[in-house]
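In what follows, a single structure is set out as structure tokens and then discussed.
Just so we're clear, the structure is a prediction, and the values are computed from it rather than from any experiment. Residue numbers start from 1 in every chain, and the chains themselves are labelled A, B, ... in the order their sequence lines are given, proteins ahead of strands.
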Amino acid sequence: MASKEAFLATVRAALAKGNDGAEVTPPDASPNPADDQDIAQKAEALRESLAQRRDALLEQLHRSALLQEWKVVFVSSDAEAREAIVDIANGLAANTVVRTSHPVVERLGLDEALETKSIHSVLLGSQSNDMQGIAAGADIGITGMDYLIAETASASLVAREGAARMTSLLPPVHIAVAQADQVVETIEDLLIFREAELAEESDSNWYMNLISGPSKTADIEQTIVIGVHGPGEVHLVVIR
Amino acid sequence: MPSIRTKEFTPRASEAINNPTIQKSLDRLANFRQGRTDSIEEFGQERWDEHTKRAKEIKQETLGHLDHYLDMLSTNVERAGGKVFFAHDTQEANEYVAGVARANSVKTVIKSKSMVSEEMGVADYLEGMDIEPVETDLGEYIIQLAKEAPYHIIAPALHKSKEEVSELFQRVLGTPAESDITALAGIARKVLREKFLQADMGMTGANFGVAEAGTIVMVTNEGNGRMSSSLPRVHVATMGMERVIPRLSDLATFLPLLTRSATGQRITSYVAFATGPKRRNEEDGPEEFHLVILDNGRSKMLADPQLREALYCIRCGACLNACPVYSKVGGHAYGWVYPGPIGAVVTPSILGIPIAKDLPFASTLCGACKEVCPLDIDIPRMLLKLRSDATEGPAGTRKPDRIESMMMRGWRMIVSSPRMFGLAGKVASILQWPLSRNKFMRRLPPPLSGWTKSRDFPTVSAKPFHARWSAMALPSEKGDKDGK
């Protein structure tokens, strides 16, 4: 049975033996996000810079989202977002929708709006005894997203209370909802914001998912098939 | 460990070359090559080169202090509530995984694609303990049903035609014949969805282990990585010890290098950051998280200044796609888990030169692998080093035979004297005439017949290069450059 110490001793011995005399940068002693004093200021400066470029970023997001095979809906109010989502669900003849309690979804009042079309909307949570069964049986999963990366059309998601992972994973259709002020340009930007958030919450848990289009494969004859294990149809609803 | 067939390089290469279905599949590598080229153009060559440069610096820094960063990674994984196991070899790694499975009374394990788990042969190991391992990446699932090794680092079932997949599904799953690829994928989705919902344990690889965050990052398109790490009660991730990176911000450097080199994608459909088990206030997620960090010969590469660079590899597969040898002989000829140019370096380094001595010779040293490598790894240099170890080193068992040595001595004599070289050219241009047709020789007599068995040899020109060179107009005169 290898212990960590024995393993690291082997690594150290290998390093000593294989040292070719090249200059090696000293190690980053403690790059723990919570220790970064400047991160809050860095995030604030970035927020301002992004706000100034918002229109251009939204355009870039729109272009890349289409390339990444999102179905893109830009709306200008919560009411329009609600209407767009009900239309999508109605168009798919959905019976059941599962959703998270992310603020951007919560405030849309989707449950009542969907109910008028006889579509049952459930906040997916661990209180239910068959959470997995409900998610797997649902026609659509609706989640609020934390950030949108314009360059790659990636929507980020962390797991938290009221935001089950399987909401965006098991149903065949996923509707991702976000606000225009959540758009960043690159993954670098997103990491800065996440770091700042974690530092503020004195948290260090980096669980996160980036979703950048439908589930797909090209494993047979390099022919692309959409919708393998995850959702095959993904909608991105952006509220300006 | 999975079966090792590295000593069968020549017969298995011939088999692939003579199989038209496989050659057709290998021709499709052109899609990967084109995808990569287009994607780098979109990204911007200059920006790409900066990323490569930065990535090399990060790798050099990380490997130079590997003990430090592995310690940091494991401390932070534990802080997030996960368990870390350091395994010297695949036996230890397999025993640990099996122990976790036993402790949780696991009957079914769902796996997402991981080269390290192939290296461990963990699927066979679990099967031997009456635990059902199910590969869930479509390509991996296909080769698991066919009981084969992966053909390509990122496209395991590259060599299978849709007809073969249909026959395989009919035979093993009892499904009807199907000629539509979407429908074939649908069959797999349906079967595997059931497995996902009933599995007690999920296994994944890790494209990156981020030391500062105690997070492992998985890059997938199908969503099976997210499912394997989210749905079952237990999540076990395996990674080679070289896959650690210091900081989250380093991902901004590595992610585009990986996905754009591999398939030409801006990003994959999913990039999942798994950090320990689920926390108390979360709705779902695994209750246990284990990270297995594997050495298995990597410390030997770390200890060799000439081979350490091979540990920079991020397993994108670009060198396979670019390699003129891989593109003909395919993945199975390499006989183990890692095929292609990087496999020809990694396999003898891990398994030992005597077992895999043919692999470093399976290259034309054209340099295409280095050219496309997003880490600019000097694979040709390492292949030469391994060749020299194989012939002259203490482990050298591939001694050149007497005829080969004699020919090399003769060649050295001829090329080291301009007069001899000129004379030899003249003699050859006379001797070759009964064999040449349209400036090519289609068949040479033994011992040179091996060369012409699969390709033609160009005839020696009547007017040699040095004669044409002297007759060439000077560049300033803008004359006919061919010197005709």
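To the nearest 0.5 angstrom, A:Ile220 atom CD1 is 9.5 Å from B:Asp180 atom CG. If you take CG on B:Asp284 and OG1 on A:Thr167, they are separated by 7.0 Å, rounding to the nearest 0.5 Å. Between the OH atom of A:Tyr207 and the OG1 atom of B:Thr275 there is a distance of 8.5 Å, given to the nearest 0.5 Å. Between the CG atom of A:Leu8 and the OG atom of B:Ser74 there is a distance of 7.0 Å, given to the nearest 0.5 Å. A:Ser204 OG to B:Asn76 CG: the interatomic distance, rounded to the nearest 0.5 Å, is 7.0 Å.
No side-chain donor from either of B:Arg266 and A:Ser154 sits under 3.5 Å from a side-chain acceptor of the other.
If you measure heavy-atom distances from A:Ser128 to chain B, you find no contacts under 4.5 Å at all. If you measure heavy-atom distances from B:Arg298 to chain A, you find no contacts under 4.5 Å at all. With a 4.5 Å cut-off on non-hydrogen atoms, B:Gln265 touches chain A through its side chain but not through its backbone. Using a 4.5 Å cut-off between heavy atoms, B:Ile58 makes no contact with chain A at all. Contacts of A:Pro231 with chain B are made by both backbone and side-chain atoms, with heavy-atom separations under 4.5 Å. Contacts between B:Ile216 and chain A at a heavy-atom distance below 4.5 Å are absent for every atom of the residue. Using a 4.5 Å cut-off between heavy atoms, A:Leu157 touches chain B through its side chain atoms alone. Of the two parts of B:Thr136, the backbone and the side chain both hold a non-hydrogen atom closer than 4.5 Å to a non-hydrogen atom of chain A. A:Ala163 touches chain B through its backbone: at least one of N, CA, C or O sits under 4.5 Å from a heavy atom, while the side chain does not. Contacts of B:Asp71 with chain A are made by both backbone and side-chain atoms, with heavy-atom separations under 4.5 Å. A:Glu69 does not touch chain B: none of its heavy atoms, backbone or side chain, sits under 4.5 Å away. For B:Leu255, the part lying under 4.5 angstrom from a heavy atom of chain A is the side chain only. Only the side chain of B:Leu192 comes within contact range of chain A, with heavy atoms under 4.5 Å apart.
Of the listed residues A:Ile187, A:Asn209, A:Val225, the one with more heavy-atom pairs under 4.5 angstrom with chain B than any other is A:Asn209. Taking A:Asn205, A:Thr152, A:Thr217, A:Leu190 one by one and counting their heavy-atom pairs under 4.5 Å with chain B, the maximum is reached by A:Asn205. Ranking B:Ala274, B:Ser299, B:Gly186, B:Gly276 against chain A, the residue ahead of the rest is B:Ser299, based on heavy-atom pairs under 4.5 Å. Among the candidates B:Asp137, B:Asp67, B:Asn281, the residue making the largest number of heavy-atom pairs closer than 4.5 Å to chain A is B:Asp67. Contacts with chain A were tallied for B:Thr220, B:Val165, B:Leu251, B:Leu138; B:Leu138 has the most, counting heavy-atom pairs under 4.5 Å. Your options are A:Glu188, A:Glu161, A:Met208, and the one with the most heavy-atom pairs under 4.5 Å with chain B is A:Met208. With chain A as the partner, the residue from B:Glu164, B:Glu222, B:Lys24 showing the most heavy-atom pairs under 4.5 Å is B:Glu222. Per-residue heavy-atom pair counts under 4.5 Å with chain A were compared for B:Ser269, B:Ala252, B:Gly139, and the maximum is reached by B:Ser269. By number of non-hydrogen pairs under 4.5 angstrom with chain A, the leading residue of B:Lys160, B:Arg279, B:Met241 is B:Arg279. Per-residue counts of heavy-atom pairs under 4.5 Å with chain B were compared for A:Gly232, A:Gly162, A:Ala136; the largest is that of A:Gly162.
The two atoms that bring B:Gly223 and A:His229 nearest to each other are C-CB, 4.3 Å, heavy atoms only. Listed here is the closest heavy atom pair of B:Ser249 and A:Leu191: CA-CD1, 4.0 Å. Considering every non-hydrogen atom in both B:Leu197 and A:Gln132, the closest pair reads O-NE2, 3.1 Å. Summarising the geometry of A:Ala159 relative to B:Glu282, their closest heavy-atom pair is CB-OE1, 3.7 Å, with the distance given to 0.1 Å. When all heavy atoms of A:Gly230 and B:Tyr270 are compared, the pair lying nearest together is CA-OH, 3.9 Å. Heavy atoms only, all atoms of each residue included: B:Ser229 and A:Arg165 are closest at O-NH1, 4.2 Å.
Side-chain contact between A:Ile211 and B:Arg226: present, with at least one pair of heavy atoms (C-beta onward) separated by less than 4.5 Å. Counting only heavy atoms from C-beta outward, the side chains of B:Glu212 and A:Glu195 approach each other to under 4.5 Å.
Within a 6.0 Å radius of NZ in B:Lys300, more than 12 heavy atoms belonging to other residues, nucleotides or ligands are found. Within 6.0 Å of atom CD in B:Glu42, more than 12 heavy atoms from other residues, nucleotides or ligands are found, so the atom counts as buried in its surroundings. In this structure, A:Leu66 places its CG atom where more than 12 heavy-atom neighbours from other residues, nucleotides or ligands lie under 6.0 Å away.
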**Message:** side-chain hydrogen bond (donor to acceptor under 3.5 Å, both in side chains) for B:Glu283 and A:Ser126? Distances and angles first, verdict last.
**Reply:** CA-CA 5 Å; B:Glu283 307 293 344; A:Ser126 51; 2.9 Å; yes

**Request:** Quick one: do A:Leu169 and B:Ser230 satisfy side chain to side chain contact (heavy atoms under 4.5 Å, CB included)? Show the steps, please.
**Result:** CA-CA 9 Å; A:Leu169 196 53; B:Ser230 301; 4.2 Å; yes

**Asked** Please walk me through it: do B:Leu158 and A:Gln222 pass side chain to side chain contact (heavy atoms under 4.5 Å, CB included)?
**Response** CA-CA 8 Å; B:Leu158 176 91; A:Gln222 295 197 2; 3.4 Å; yes

**Request:** Determine, step by step, whether B:Arg47 and A:Glu151 satisfy the salt bridge (charged side-chain N to carboxylate O under 4.0 Å, His left out) criterion, reporting the C-alpha distance in whole Å, the side-chain angles of both residues, the deciding distance to 0.1 Å, and the verdict.
**Result:** CA-CA 14 Å; B:Arg47 192 175 166 208; A:Glu151 186 177 48; 2.9 Å; yes

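Using a cutoff of 4.0 Å between basic side-chain nitrogens and carboxylate oxygens, B:Lys113 and A:Asp219 are not scored as salt-bridged. Between A:Lys17 and B:Asp304, no side-chain nitrogen of the basic residue sits less than 4.0 Å from a carboxylate oxygen of the acidic one, so the salt-bridge criterion is not met. Salt-bridge formation is detected for the pair A:Glu221/B:Arg28: a Lys NZ or Arg NE/NH1/NH2 atom is positioned less than 4.0 Å from an Asp or Glu carboxylate oxygen.
B:Arg193 contributes a side-chain N or O that, together with a main-chain N or O of A:Leu170, makes up a donor-acceptor pair within less than 3.5 Å.
Relative orientation of the B:Phe86 and A:Phe7 rings is tilted, given thresholds of 30° and 60° on the angle between their planes.
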